[in-house]
Each structure stands twice: as structure tokens, then as C-alpha cells.
Amino acid sequence: MAYLCPSFQNPMLELAPTKRHDEARQGEAFAPFAVDPVLYRRRFYIESYGCAMNFSDSEIVASILQAEGFGATRNEEEADLILLNTCSIREKAEQTVRKRLTEFRKMKRRKPGMLVGVLGCMAERLKAKLLEEEKLVDLVIGPDAYRTLPALIAEADGGQKGVNVLLSRDETYADIAPVRLNSNGISAFVSIMRGCNNMCSFCVVPFTRGRERSRDADSIVNECRDLFEAGYREVTLLGQNVDSYYYASEADAAPVTFALLLEKAALISPELRIRFSTSHPKDITDDVLYTMKRYENICKYIHLPLQSGSTRVLQLMNRSYTREWYRAKVDRIREIMPDCALSSDVIAGFCTETEEDHQETLRMMAYAKYDFSYMFFYSERPGTLAQRRYADDIPLDVKKRRLQEIVDLQGKLSHQSNREDLGKTFRVLIEGESKKDASAWKGRSSQNKVVIFPKGDTTCRAGEYVDVHVTSCTQATLLGDIVTR
Ligand code: SAH
Ligand code: SF4
Ligand code: F3S
């Protein structure tokens with residue numbers, strides 16, 4: 001996992017696993033972990049890997065389990081049920097999970113009644129094979145089958161292995177109120193759609209998550225409103241390709257597009273920030289851009305994954321845009337919202353990539369002046385179009401060298417972008433104390449940049465907005481002072 005710019009959130013990318021919840025930051029809310037022994041007969045421990053969709057799914061799973069009398073615990077040692085919500089995006093992601101499973105295998109020998117389940121994309125990719133490969137796994141459940149967890153647990157309690165990896169065309173878990181697991185009580189993810197129809201040739205997601213489907217718009221807006229009323233001040237609308245969100249109900253006269261959904265969410269309150277991820281360059285519309293411009297509380301930040309700057313490679317990747325198309329999108333965003341931040345995902349060393357292709361990627365990054373990027377070298381995934389059609393022919397040392405060049409360039413671009421913010425004032429949502437300095441707050445600007453500033457003698461609290469004047473910066477962070485009104 002090239003985890004290169006950890007201070008910036010990209011909900012579509014591998015986040016640090018929510019592993020030991022007790023390692024979580026001070027001040028985080030853990031309401032669901034207050035286990036009442038009368039209400040909850042058994043305890044579950046869940047660890048999430050991969051993108052924010054998985055983290056969001058774990059909150060659905062927690063809700064399903066709570067209704068069945070399972071209380072969440074942060075301590076794996078006291079769990080009756082251990083669940084790993086897994087990711088298959090790169091080989092490294094799967095290796096991490098396998099390592100964790102060996103640790104749980106040892107634990108299971110000590111605690112024979114304890115159940116271990118694998119959820120998410122690895123469960124979907126490997127299906128029952130996972131039971132052969134990882135002997136002590138009791139449950140294998142794909143992303144569309146979480147409603148069947150209670151029945152499968154009952155089977156596993158009776159000594160059977162429980163497997164359900166059926167993908168669905170309509171499951172969105174729209175009616176399930178997620179139990180917020182590892183929340184700071186200020187920012188939350190809200191799933192707006194599931195699956196992906198894009199079939200980028202390198203990507204395993206269409207196989208592990210199935211067909212794209214959009215969630216009922218009212219249920220999304222209601223969830224955002226409930227979060228706001230519970231004190232949350234930022235929601236991130238999640239989908240693999242949010243711009244193709246489309247929900248038509250019999251009750252509504254007009255179908256809800258992504259632009260309309262954004263507007264509905266923005267209208268809940270000007271004090272609720274709206275973010276979203278991920279946009280596909282081929283699908284993001286002017287309508288979305290103008291809606292973003294119209295509402296101050298829709299954050300001026302777009303994650304617009306490039307993947308490669310070479311049209312030839314983009315075609316092999318099945319990304320359905322060219323270098324020129326991508327450049328025109330960047331121009332359009334800048335024209336409509338000059339203050340909008342841009343970030344990207346970049347893959348180094350995809351099949352047949354030449355030095356010139358690689359240079360084109362670097363040139364496009366410099367053109368787009370990304371504020372930050374998530375950068376990887378290509379990892380061949382079984383069953384994908386690329387694995388079936390093309391040889392993974394770029395040697396690992398070349399992939400790594402190209403990745404390093406991409407990382408170095410991004411470092412410079414991020415630093416430059418931050419330097420351009422010196423002397424400016426940004427509205428910052430306070431997320432909590434700075435990890436390194438208890439006398440400072442950490443928050444984010446609308447552009448998703450981390451801002452650190454002294455608490456001073458003001459009476460601010462996490463969840464409040466303050467104006468911060470930027471006085472200095474590092475490559476990853478803006479530093480400044482509160483502007484007193
Ligand atoms: N739906 C999102 C991406 C989800 S996966 C989107 O289209 O942007 C997140 C990122 O992982 C991708 O954008 C891509 O850069 C990277 N990725 C996906 N498959 C990969 C692979 N096989 N090897 C290396 N990186 C990969
Ligand atoms: Fe994967 Fe492409 Fe779908 Fe993103 S848009 S999840 S990269 S297939
Ligand atoms: Fe997400 Fe990984 Fe699956 S990135 S969709 S958890 S393969």
C-alpha cells in the first residue's frame with residue numbers, strides 16, 4: 001500500500017485499518033461500545049480494511065448485529081465473534097488480512113467457541129475457497145449478504161461453516177441505520193450507491209461489489225439530517241462513481257441525479273459540510289460543478305483520479321477518456337471554481353507502460369497541480385480484464401522507480417499548493433486536538449487541507465467552525481492562527 005499522504009482523506013482508498021479500537025484518538029466518541037450485558041448477550045469485534053465503503057459497511061454490520069443481541073467491543077480478547085471486513089484492491093491488502101487471520105487462528109485455539117468471519121471484498125473474491133485456505137474461518141460473507149449474518153452465525157454456532165457471497169442488483173441497505181463505530185462525532189460517511197459498472201481493466205471492484213445501484217434519495221437525505229441533528233458537521237457521500245448516481249422513485253416527479261442529491265444535502269443546513277467521493281472524469285457534469293459553486297457548504301474539493309496521463313495506457317485501462325478530455329475537465333473545474341482543490345489516484349507501471357507514457361503522467365500531474373494524490377504501483381488482480389488480456393510486463397524495480405518519481409513530484413506540487421495559501425484565511429471545521437500538540441486544534445479547510453492552529457484563550461470546541469489565517473506550511477499541513485471576530 002503506497003500510503004503516502006496520510007493526512008489527507010480519500011474515502012475511496014485504503015484507510016488505516018480500524019484495528020485496535022483502543023488505539024483510536026482521544027476524544028473520539030465510542031457510544032456503541034458501551035456494552036450493556038443485559039441488552040447484549042455476546043460481543044463482536046470488527047476490524048475494517050480498504051476504502052471508506054468498507055468502513056461504512058462495517059457500521060451497517062454493527063447495526064444488524066446489535067439488533068441480534070451482539071454488543072461491540074474494542075477488545076478482541078473479549079469477543080465471541082471476530083469479523084474482518086476485507087479489501088482486495090491490491091495484493092498487499094490481501095496479505096495484511098491473511099496475516100491478521102493467522103493471529104486470530106491462534107486465539108481461536110485458546111477460545112474454541114469463538115467465531116471468526118471474513119466479510120467484504122476478499123470474501124467475495126475468494127468465496128468458499130477462503131474456507132479451504134484459511135481453515136479456522138467460520139463465516140464468509142460478501143458485501144451484499146450482510147442481512148443474512150444472523151442466520152449464518154446460527155449455522156456456525158451449530159458447527160457448520162456459514163457462506164453467503166451472493167451479489168444483489170438492488171441491495172442498498174437503505175433502511176438500516178448505521179451504528180457509528182469509530183467516529184469523532186463530527187464527520188461521517190454516508191453510502192449513496194453500491195457496486196460499479198465501469199470495468200476499469202486493472203480493478204477488482206466490479207467483481208467484488210457487483211452491479212451499480214443507487215440508494216433511495218430520501219433515505220440518504222434523512223440519514224444526513226439525522227447526523228446533523230446528532231451534532232455531526234460533515235458528511236461524505238460515498239460511491240465508486242458518484243456522478244452516475246440516479247434514483248427514480250414513483251413518488252417523485254423527477255429523478256434525482258447526483259447534482260440534485262448534492263443540493264438536497266446542502267439544503268439541510270449551511271452548517272453541515274458536504275463532501276463526496278469518487279468522481280469519474282468521464283461522468284462529472286457541469287451541473288455538479290455549478291451546484292458545488294452555488295452552495296458554500298459543498299466543499300470545494302474534487303477527487304478526480306487520473307490513473308495515467310497517457311491516452312494509450314488509459315485506453316488499455318478502459319478508463320474511457322483521453323488525456324485531452326481529462327485536461328479539459330481540469331480546465332472546466334478551474335474556470336467554474338478557481339478555489340477548488342483537486343486530488344488524484346495514479347498507477348505507475350501498468351501493463352506496457354513506456355518511459356514516455358510515464359513522462360506523460362508526470363506532465364499531466366504538473367498541469368493539474370494536484371493538491372494531493374494517492375499513488376500506487378500496478379498490482380495484478382486475478383480475474384480482472386488486464387490480468388486476462390495483458391502481461392504484467394513492467395519489472396518491479398521499474399514500477400517502484402516510476403512510483404517514486406510520481407511521489408516526489410506530488411510532494412513538490414503539494415508544497416507549492418500549500419505555499420500559495422500563505423496569507424489567506426480559511427473557514428476551518430475543528431475535528432479535534434492536534435495529535436502532536438495538545439495546545440493546538442486540528443481541522444480542515446473546505447479544500448480538505450489539514451490546518452493546525454493554537455487553541456489560544458478562545459472557547460472553541462471540536463465541531464465548530466473558525467476562520468484561520470495561514471502563516472506557514474509544510475508539505476502536508478497548513479499552520480495558522482484563529483482570526484478573532
Ligand atoms: N472508484 C474509484 C476507485 C476505487 S479503487 C475510482 O474510480 O476512482 C482506488 C484506487 O486504487 C484506484 O483509483 C486506483 O488508482 C487504485 N487501484 C485499483 N486497482 C489497482 C491495482 N490493481 N493496482 C494498483 N492500484 C490499483
Ligand atoms: Fe474500479 Fe474503475 Fe469502478 Fe473505480 S471506476 S471502482 S477504478 S472499476
Ligand atoms: Fe473498497 Fe477494497 Fe473493496 S478498495 S470496494 S474494500 S476491494
Side-chain angles (χ1 to χ4, degrees), residues 1-4 10-15 17-18 47-58 84-94 96-97 118-126 142-144 167 189 191 193-212 238-244 276-284 302-308 313-314 316-321 326 343-351 353 361 370 373-387 390 392 394 396 399-400 402-403 406:
M1 175 169 77
Y3 198 41
L4 298 157
N10 172 0
M12 278 307 120
L13 289 171
E14 290 166 56
L15 304 174
T18 52
E47 212 167 271
S48 308
Y49 295 82
C51 64
M53 309 281 303
N54 249 17
F55 283 64
S56 171
D57 279 2
S58 291
L84 289 183
N85 197 356
T86 61
C87 173
S88 288
I89 201 81
R90 283 167 288 275
E91 199 182 343
K92 182 91 186 299
E94 291 200 355
T96 314
V97 166
V118 178
L119 314 177
C121 291
M122 224 173 134
E124 193 60 52
R125 193 178 82 72
L126 293 163
D144 286 347
L167 286 172
F189 293 131
S191 226
M193 58 207 293
R194 301 180 70 82
C196 182
N197 287 354
N198 279 326
M199 299 302 272
C200 301
S201 66
F202 51 79
C203 185
V204 79
V205 172
F207 304 94
T208 60
R209 295 262 163 183
R211 304 291 293 171
E212 179 185 291
L238 290 181
Q240 297 294 356
N241 180 9
V242 289
D243 299 289
S244 66
F276 57 90
S277 189
T278 300
S279 301
H280 196 298
K282 78 174 163 61
D283 290 324
I284 188 164
I302 300 177
H303 183 60
L304 197 70
L306 169 67
Q307 314 298 2
S308 166
V313 174
L314 285 169
L316 292 182
M317 287 177 161
N318 202 23
R319 286 292 287 181
S320 40
Y321 52 87
Y326 189 92
S343 65
S344 187
D345 294 347
V346 184
I347 300 179
F350 186 65
C351 315
E353 186 188 72
T361 299
Y370 296 123
S373 286
Y374 298 84
M375 300 154 279
F376 317 95
F377 62 75
Y378 174 57
S379 162
E380 186 180 74
R381 306 309 295 130
T384 55
L385 287 179
Q387 185 262 328
Y390 317 122
D392 180 12
I394 308 301
L396 188 60
K399 284 182 181 173
K400 287 191 172 167
R402 290 183 188 164
L403 176 61
I406 288 170

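We count ligands from 1, going down the list as the structure has it; atoms in each ligand are counted the same way. We number each residue from 1, following the sequence as shown.
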Colleague: So, taking the atom named CD in Glu380 and the one named SG in Cys351, what distance separates them when rounded to the nearest 0.5 Å?
Modeller: 6.5 Å

Colleague: Please examine the side chains of Tyr370 and Ser343, heavy atoms only from C-beta on, and report whether any two atoms are closer than 4.5 Å.
Modeller: no

Colleague: Is it true that Ile347 lies under 4.0 Å from ligand 1, counting heavy atoms only?
Modeller: yes

Colleague: Could you tell me whether ligand 3 has any atom less than 4.0 Å away from a heavy atom of Arg209?
Modeller: yes

Colleague: Atom OG of Ser244 and atom CD1 of Ile284: how far apart are they, to the nearest 0.5 Å?
Modeller: 12.0 Å

Colleague: Is the cationic atom of Arg381 (NZ for Lys, CZ for Arg) positioned less than 6.0 Å from the six-membered ring centroid of Phe202 and within 45 degrees of its normal?
Modeller: no

Colleague: Counting each atom of ligand 3 from 1 as listed, which ones have a heavy atom of Cys121 under 4.0 Å away?
Modeller: 3 (Fe), 5 (S), 6 (S), 7 (S)

Colleague: State the atoms of ligand 3, each with its element, that fall below the 4.0 Å cut-off from a heavy-atom position in Asn54.
Modeller: 6 (S)

Colleague: Would you call Lys399 and Glu353 a salt bridge, using N to O less than 4.0 angstrom?
Modeller: no

Colleague: Strictly by salt bridge (charged side-chain N to carboxylate O under 4.0 Å, His left out), give each pair with a member in residues 197-210 just once, sequence neighbours left out.
Modeller: Asp57-Arg209

Colleague: So how far is it from Leu306 CG to Ser373 OG, rounded to the nearest 0.5 Å?
Modeller: 8.0 Å

Colleague: Could you tell me whether Tyr374 approaches ligand 1 through its side chain, its backbone, both or neither, with non-hydrogen atoms closer than 4.0 Å?
Modeller: neither

Colleague: Give the atom numbers and elements of ligand 3 that come within less than 4.0 Å of a heavy atom of Cys87.
Modeller: 2 (Fe), 4 (S), 6 (S), 7 (S)

Colleague: If you measure from each non-hydrogen atom of Ser379 to ligand 1, which part falls under 4.0 Å: side chain, backbone, both or neither?
Modeller: both

Colleague: If only side-chain N and O atoms count, and only distance matters, is there a donor-acceptor pair under 3.5 Å linking Thr86 with Glu94?
Modeller: no

Colleague: So Ser379 and Ile347, do their side chains get closer than 4.5 Å, heavy atoms only?
Modeller: no

Colleague: Got an N, O or S from Cys51 under 2.8 Å of atom 1 (Fe) of ligand 3?
Modeller: yes

Colleague: Hey, is Gln240 one of the residues with a heavy atom under 4.0 angstrom from ligand 3?
Modeller: yes

Colleague: Given Tyr49, which partner from the list Asn85, Leu119, Leu84 fulfils the side chain to side chain contact (heavy atoms under 4.5 Å, CB included) test?
Modeller: Leu84

Colleague: If we only consider heavy atoms of Asn241, is any one of them less than 4.0 Å away from an atom in ligand 1?
Modeller: no

Colleague: From Gln307 CD over to Asn318 CG, what is the distance, rounded to the nearest 0.5 angstrom?
Modeller: 12.0 Å

Colleague: Is a side-chain donor-acceptor pair under 3.5 Å present for Ser48 with Ser58?
Modeller: yes

Colleague: Using a 4.0 Å heavy-atom threshold (strictly under), name the region of Arg381 that reaches ligand 1: side chain, backbone, both or neither.
Modeller: side chain

Colleague: Which ligand 2 atoms, with their elements, are less than 4.0 angstrom from a heavy-atom of Arg319?
Modeller: 2 (Fe), 7 (S)

Colleague: Looking only at heavy atoms, is any part of Phe202 under 4.0 Å from ligand 1, and if so is it the side chain, the backbone, or both, or is it neither?
Modeller: both

Colleague: Using a heavy-atom cut-off of under 4.0 Å, does the side chain or the backbone of Val204 touch ligand 1, or both, or neither?
Modeller: neither

Colleague: Ignoring waters, how many N, O or S atoms from the protein are under 2.8 Å from atom 3 (Fe) of ligand 2?
Modeller: 1

Colleague: Name the option, out of Arg319, Gln387, Lys92, that contains the heavy atom nearest to atom 7 (O) of ligand 1.
Modeller: Arg319

Colleague: Among Arg90, Lys399, Met53, which residue places a heavy atom closest to atom 26 (C) of ligand 1?
Modeller: Arg90

Colleague: Hey, which atoms in ligand 1 end up nearer than 4.0 Å to a heavy atom of Gln307?
Modeller: 12 (C), 13 (O), 14 (C), 15 (O)

Colleague: Can you tell me if Lys400 has over 12 outside heavy atoms packed within less than 6.0 Å of its NZ?
Modeller: no

Colleague: For the 3.5 Å polar cut-off, considering only N or O atoms, please tell me whether Asp345 and ligand 1 meet it.
Modeller: yes

Colleague: Would you please classify the geometry between the Phe350 ring and the Tyr378 ring as parallel, tilted or perpendicular, with 30° and 60° separating the classes?
Modeller: perpendicular

Colleague: Would a line drawn from the ring center of His303 to the ring center of Phe276 be shorter than 6.0 Å?
Modeller: no

Colleague: Would you say Ser88 touches ligand 3, if touching means a heavy atom closer than 4.0 Å?
Modeller: yes

